[in-house]
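Written below as structure tokens is the structure these notes are about.
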Amino acid sequence: MDDFYAEGDLVAVLTTQPLDRPLDYRAPEGGCWQGGFVEVPLGPRRVLGVVWGPGQGDYDLSRIRAVHRVLDAVPMRAELRSFLARAGDYTLTPLSAMLRLATRAPGLGEAPSMRRIYRLGEGEPDRMTDARRRVLEVLRDMGGLALTLGELAETAGVTTSVVKGLTKSGAVREEDAPRDTPFPRLDPDYGGKDLTGDQQTAATALREGVASGRYGTTLLKGVTGSGKTEVYLEAVAECLAQGRQALVLLPEIALTSEFLTRVEARFGAKPAEWHSGVTVTERRRVWKMVSGGGAELVVGARSALFLPFRDLGLIVVDEEHDTSYKQEEGVLYNARDMAVLRASINGAQVVLASATPSLESWANADAGKYRRLDLTARFGEAVMPEMRALDMRAEDLPGNRWISPSLQAAVRLRLERGEQAMLFINRRGYAPVTVCRACGHQIGCSQCDARMVEHRFLQRLVCHQCGETIPKPSACPDCAAEDKLAAVGPGVERLAEEAQTLFPDARLSVLSSDLFGSARALKEAIETIAAGGADIIIGTQLVAKGHNFPLLTLVGVIDSDLGLQGSDLRAAERTFQLMRQVAGRAGRAEKRGTALMQTFQPEHPVIRAILSGDEEGFWKAEAGERMAAGMPPYGRLAGVILSSTEVQEVFDLGNAMARQDAPLRRIGAQVYGPAPAPIARVRGRHRARLLVKAPKGVALQPALAEWTAQFRLKGSLRLAIDIDPQSFF
Ligand code: ADP
Ligand code: ZN
């Protein structure tokens, strides 16, 4: 039980303001609980805070002010406070910034707002009409549940005055109810499927884990379509049956609606949703219901990890290898790793589900830290697609064309059979480079050092780094030559253009995240495709995720070599995952699919591993290389990003940091850099990076803290530390 502080006691309050520690206040009239949400005076303002513990008493007692008021919210539980503190220590993030992550619900302290609702009353209407009868029927069908005036009138097909008229006689009751209502109860026994032997074994193991009430992490590995979702929903069912809450993290908002439908089929009602597409009022409702127990299951994006669950018993991280789990701005955290941390504090289970796990999770399972469960077969008749490389050196293809004759023939065959084909390219827009044929100038972003990408649908050039857009110029901005600007390289839009020329009668559907204004529009496009409303699907990364297209039997990967280039530590791993997933799209139903990968390096080890399907071989080889190099997960990395409007300041500080590295040398770590960041200027700020490499098992964070504390950040200089960087090189 948390401590209670009586009026006048000294309490330390953590606020969301950028201060380096909690501040002392006096408990207000009526006292306050540890963890309580409060409003405190800070200078001339009032700010949100949480009672973090007893006051420190090291401040002039006569100047200590009182807590202004205690907010109407369930106090933050010790578990969440400890999670924020430990996640902050791990990512070297100030506690105030961690608290901001946990309070992303506007108005969370306000008294619940009310709304008027209508339900069946005791009275008899003074006279009966058809319209009145319909209203009463609707309410009877609702079985005691209430509706708003608008909902009731619309469902009954009457005007609101008909409803109002019925309230006079008491036939309909009018009352005020809090707007933040609990979510419908989920029934763990509602729509379970008969599982296959493999699935049953995995589901039982997960259920036992949840029932144990102890912490544990399981890597649930299985090809797309093997039933991972069905299996982890069994773990959710067990968690609900235990009276604890569950959280399912998904990488793409676009996937959520498909998933919500599945939850409804399994548990009889929809869960709470938490992501950037959820309205402000709904966010507040979710936040409140999660803390009060009125939400049993939350489906959301990575930030859902910071919700104030009353008793979180299970966290599922679906597509655990997905890079979108790493937050790359503000607080730099990896939701997958933080899920494990939160679960370990709260005696909860974690399920990491993937067809192509990250090397980190693979290694943790290999070392026995995580349990590993494998689903080997696909559900039903579906089998893994046949996978072949198309050697582009042997294909006869004119410049500025990307679909090889062999791939064309394969697509044509599918069109004749009335099946679907998918062409995959991991580049948004029309063309990655716009170059002037007169002077060779490439159009770059004025705010960054990135090149502008042509988007023909928008008729604009867009910077994928900062979002800056300009209309496509007709003359070269450098030499002013007219009509000399040429698109170079392929993007998804250009590929669509080529496909339409090659297959003029085919119905094309282009799936690229920037072409859809809303998650709903995307969902509709996906449903149309699944129902056979398209012959050729052209897509980016978006299509690599778990959609189910039963008619799809061919996937053509336009440029399989894209991910193999560059010096990214994870390039091989990413390419491997992406290719396996894209290939996994083909032939989910009865028909065996084919995946064709266009490549100039068919003998490259990654391409060979994908084609041969020797996953364990790939992981072992990749793990061996990382181990030999002392790289993650067998060593540790931290990135330091310095930025300023003055390029000189950035490198002066970077060089000083590289020289004064004693705190790092003491733990056996090395510093590399400073080097210009891959994109050296973003939004007008110059950026340089240092890389710290340390052996596994040393206390890296304290050493980093001591090292960086030696330097003062003058002027517009900023320093950010990225523990376990995902994209660094
Ligand atoms: P994954 O998450 O591994 O991609 P899913 O759980 O989505 O796999 O399963 C793929 C498809 O097969 C889904 O439509 C799912 O409902 C169906 N399915 C899987 N297992 C079963 C089962 N035991 N009984 C009925 N349908 C199943
Ligand atoms: Zn830019």
Side-chain angles (χ1 to χ4, degrees), residues 188-207 218-238 246 248-252 254-268 271 297 299 314-322 350-358 361 372-385 420 422 523 526-527 529-532 542-553 555 577-593 595 613 615:
D189 300 322
Y190 184 79
K193 293 206 165 81
D194 289 329
L195 300 181
T196 64
D198 246 13
Q199 293 174 343
Q200 191 59 60
T201 311
T204 306
L206 291 183
R207 274 183 177 273
T218 305
L219 174 61
L220 179 62
K221 182 180 173 307
V223 295
T224 314
S226 58
K228 293 183 296 298
T229 311
E230 295 300 336
V231 168
Y232 73 64
L233 286 179
E234 291 308 301
V236 172
E238 181 66 36
V248 176
L249 297 179
L250 299 177
E252 280 281 342
L255 268 184
T256 324
S257 61
E258 199 175 318
F259 185 76
L260 296 178
T261 313
R262 281 185 80 167
V263 168
E264 193 173 16
R266 177 63 184 82
F267 299 114
L297 170 63
V299 174
L314 172 70
I315 307 173
V316 177
V317 185
D318 201 357
E319 312 279 359
E320 67 92 28
H321 60 275
D322 197 286
V350 178
V351 176
L352 306 176
S354 176
T356 53
S358 60
S361 298
R372 176 168 161 179
L373 297 170
D374 280 47
L375 299 176
T376 44
R378 287 182 152 200
F379 179 73
E381 302 289 308
V383 283
M384 270 313 274
Q420 286 173 333
M422 173 186 285
K523 184 190 169 214
I526 288 169
E527 282 169 357
I529 294 170
L542 202 61
V543 301
K545 312 202 173 181
H547 309 294
N548 191 356
F549 300 137
L551 292 172
L552 180 69
T553 58
V555 170
Q577 289 162 344
L578 200 58
M579 294 299 145
R580 300 263 330 169
Q581 278 194 319
V582 171
R585 297 284 115 233
R588 263 175 86 127
E590 308 70 36
K591 306 184 181 80
R592 173 142 198 233
E615 287 180 273

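Keep in mind that what you see is a predicted model, and the values were worked out from it rather than measured. Start at 1 and go down the list; that is how both ligands and their atoms are numbered.
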Task: Ion pair check, Lys221 and Glu320, cut-off under 4.0 Å - done: no
Task: Contact check: Gly222 vs ligand 1, nitrogen or oxygen atoms, below 3.5 angstrom - done: no
Task: Counterpart residues, side chain to side chain donor-acceptor pair (under 3.5 Å), relative to Glu230 (two or more places apart) - done: Lys193, Arg262
Open item on the list: So which atom in Arg372 and which in Asp374 form the shortest heavy-atom distance, rounded to 0.1 Å?
Closed with: NE-OD1, 2.7 Å
TODO: Tell me, please: is Leu375 in heavy-atom contact with ligand 1, that is, under 4.0 Å?
DONE: no
Task: Residue Asp194 vicinity, atoms of ligand 1 by number, heavy atom under 4.0 Å - done: 22 (C), 23 (N), 24 (N)
- [ ] Verify, without hydrogens or angle tests, whether Gln420 (side chain) and Ile529 (backbone) share a donor-acceptor contact under 3.5 angstrom.
- [x] yes
TODO: Enumerate the atoms of ligand 1 whose separation from the nearest heavy atom of Lys228 is less than 4.0 angstrom.
DONE: 1 (P), 2 (O), 3 (O), 4 (O), 6 (O), 8 (O)
Open item on the list: One residue to check: Val231. Relative to ligand 1, which of side chain, backbone, both or neither has a non-hydrogen atom less than 4.0 Å away?
Closed with: neither
Task: Under 3.5 Å: donor-acceptor pair, side chain of Glu234, backbone of Gln199 - done: no
Task: Element-labelled atoms of ligand 1 that are located less than 4.0 Å from some non-hydrogen atom of Val223 - done: 3 (O)
Open item on the list: Main chain of Thr356, side chain of Ser354: is a donor-acceptor contact present, judged purely on distance under 3.5 Å?
Closed with: yes
Open item on the list: Counting only heavy atoms, tell me which of Glu319, Arg262, Arg266 gets closest to atom 6 (O) of ligand 1.
Closed with: Arg262
Task: Where ligand 1 meets Leu195 - atom numbers and elements under 4.0 angstrom, heavy-atom basis - done: 23 (N)
